[in-house]
Amino acid sequence: MRVASIEATQTAVQRRGGLALDSSSIPPVEGRIHSTESFSTVDGPGVRFIVFTQGCGMRCLFCSNPDTQSMTDGKLPNGGGVTCSGGEPLLQPDFVAGVFQEAHALGLSTCLDTTGQGSKHKSWDHVLPHTDMVLFCIKHLDPMQYEHITGLHQSGSLAFAAELKERHIPFWLRYVLIPNLTDRVGDIEMLIAFAKAQPTLVGIELLPYHQLGKNKWDALGWPYPLEGVQPPSHECVLEVMHKLKDAGLHVLCDHKDAPSSGVARYSAISSSSNNNAGAHAAA
């Protein structure tokens, strides 16, 4: 069951042509950074260096990093692969594109951890040509619930998914499982229907809700919107995982006793630059 991993690697190589970029041709850019992480194994294939960009247009009820929301905080940087996360990296498209081009010049693969914010001409056309893999958090498939959770309309997220399809970029769909908000029967049915319609989907990463970010809301003096909501039960997580797997979808989940997906954590990818060519990595 590692076909998706092999296909994603081959696709990345085909798009890139195996050529390294000349870093001298990449214009200097600056962006605001919240933080970095030098050794991550859960934000893309292999060992990743993570860049958390500062600023996000969403105000998700379960946000684990509310301190990344402001566009005016953060710091200017001075200095496996590279993953840009956030915040929302697509709100700083020129900076992220520059980071990714530098990564490719070093022979590293690039991964975008995003909610699909921005727009085609202002954001996606700048970043996605230099993106090998995407980790796409869909939030919710119901438009009303999506807006309730994020404070934004769903149309932009769906347009981003269409852009990934158009560009043949492999991606993992991230889905936060929240009791009585994203875990209902209809919620999971919509998730499955959406996932099965995505030709470049590699799989779904199921993320059971937790309260690890609550202390950050407290530190900022903000009321926590999901106060009192508990993580999903062991039985609920396993039930949803089985539903996804029964629908023929690859599933990742770090939950205890979760059944094996048969696929390595994220699909392995090679350093590449997307130029709208190559085969897709089928789910």
Side-chain angles (χ1 to χ4, degrees), residues 8 11-12 15 31 44 53 55-63 68-69 71 83-97 99-100 110-176 181-182 186-205 207 249 269 272-283:
T11 300
R15 288 200 308 266
T53 58
C56 183
M58 291 185 177
R59 295 295 181 265
C60 297
L61 302 182
F62 55 83
C63 181
T68 69
Q69 292 179 2
M71 285 294 294
T83 295
C84 274
S85 184
E88 173 51 65
L90 286 174
L91 294 185
Q92 301 187 56
D94 292 335
F95 172 67
V96 174
V99 170
F100 280 4
T110 59
C111 184
L112 182 70
D113 185 1
T114 180
T115 60
Q117 294 181 49
S119 62
K120 175 175 173 57
H121 298 300
K122 292 183 178 180
S123 304
W124 309 339
D125 285 349
H126 294 266
V127 176
L128 293 183
H130 314 291
T131 302
D132 299 321
M133 171 71 75
V134 171
L135 310 179
F136 179 28
C137 187
I138 195 63
K139 307 299 182 181
H140 206 295
L141 272 304
D142 178 83
M144 297 294 291
Q145 292 294 332
Y146 184 96
E147 186 170 350
H148 170 63
I149 290 172
T150 69
L152 296 180
H153 294 297
Q154 188 190 48
S155 57
S157 179
L158 298 180
F160 181 75
E163 189 74 14
L164 296 180
K165 174 182 178 181
E166 177 69 21
R167 293 176 180 269
H168 308 290
I169 298 178
F171 73 99
W172 281 89
L173 196 63
R174 285 181 153 178
Y175 190 79
V176 182
L181 188 59
T182 66
D187 301 334
I188 304 306
E189 290 177 348
M190 285 188 290
L191 174 63
I192 290 173
F194 177 82
K196 290 178 72 68
Q198 308 307 311
T200 64
L201 178 77
V202 179
I204 294 177
E205 183 177 12
L207 303 169
L249 298 166
I269 54 175
S272 76
S273 179
N274 177 24
N275 58 8
N276 295 333
H280 66 259

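Just so you know, these numbers use all the heavy atoms, side chains as well, and skip hydrogens, waters and symmetry mates. Along the sequence shown, the residues carry numbers beginning at 1. Owing to the predicted nature of the structure, the values given are computational and were not obtained by experimental measurement.
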List the atom of T200, the atom of I169, and the distance in Å for their closest heavy-atom pair.
OG1-O, 2.9 Å
With a 4.5 Å heavy-atom cut-off, do L112 and F171 have their side chains touching?
no
How close do A161 and F194 get, counting heavy atoms only, and between which atoms?
CB-CZ, 3.8 Å
Scanning both residues in full, the closest heavy-atom pair of C111 with G44 reads SG-CA, 4.2 Å
Taking only residues two or more places apart in sequence, or in another chain, which ones meet K120 in a side-chain hydrogen bond (donor to acceptor under 3.5 Å, both in side chains)?
D125, E163
Side-chain touch L173/L249, heavy atoms, less than 4.5 angstrom:
no
Which distance, rounded to the nearest 0.5 Å, do you find between the CZ of F100 and the NE2 of H130?
10.0 Å
On a heavy-atom basis, which atom in G55 and which in M71 lie closest, and how many Å separate them?
CA-SD, 3.2 Å
Do the non-hydrogen side-chain atoms of V127 and L90 ever get within less than 4.5 Å of each other?
yes
Restricting to non-hydrogen atoms, name the atom on C60 and the atom on T150 that form the minimum distance, rounded to 0.1 Å.
SG-CG2, 3.8 Å
Looking only at heavy atoms, the pair that brings A195 and L201 closest together is O-CD2, 3.4 Å
How long is the span from the CD1 atom in I149 to the CG atom in L152, to the nearest 0.5 Å?
12.0 Å
Please evaluate residues W172 and I204 with respect to the criterion side-chain contact (heavy atoms from CB on, under 4.5 Å), reporting the C-alpha separation (whole Å), side-chain torsions for both, the decisive distance (0.1 Å), and the verdict.
CA-CA 6 Å; W172 281 89; I204 294 177; 5.7 Å; no
Can you find a heavy atom in the side chain of Q117 that is under 4.5 Å from one in the side chain of S123?
no
How about T182 and Y175: do any of their side-chain heavy atoms sit closer than 4.5 Å?
yes
Please examine the side chains of H153 and E147, heavy atoms only from C-beta on, and report whether any two atoms are closer than 4.5 Å.
yes
Pairs of donor and acceptor atoms involving the side chains of residues 133-145, under 3.5 Å and at least two apart or interchain, shall be tabulated with distances.
unit_1: H140; atom_1: ND1; unit_2: D142; atom_2: N; d: 3.0
unit_1: H140; atom_1: NE2; unit_2: L181; atom_2: O; d: 3.1
unit_1: H140; atom_1: NE2; unit_2: D187; atom_2: OD1; d: 3.3
unit_1: D142; atom_1: OD2; unit_2: M144; atom_2: N; d: 3.1
unit_1: D142; atom_1: OD2; unit_2: Q145; atom_2: N; d: 2.9

Are the side chains of L164 and Q198 in contact, using a 4.5 Å heavy-atom criterion?
no
What pairs with E88 under side-chain hydrogen bond (donor to acceptor under 3.5 Å, both in side chains), at least two apart in sequence or on another chain?
T114, T115
Report the C-alpha separation of V99 and C84 in whole Å, then their side-chain angles, then the decisive distance to 0.1 Å, and conclude whether the side-chain contact (heavy atoms from CB on, under 4.5 Å) test is met.
CA-CA 9 Å; V99 170; C84 274; 4.2 Å; yes
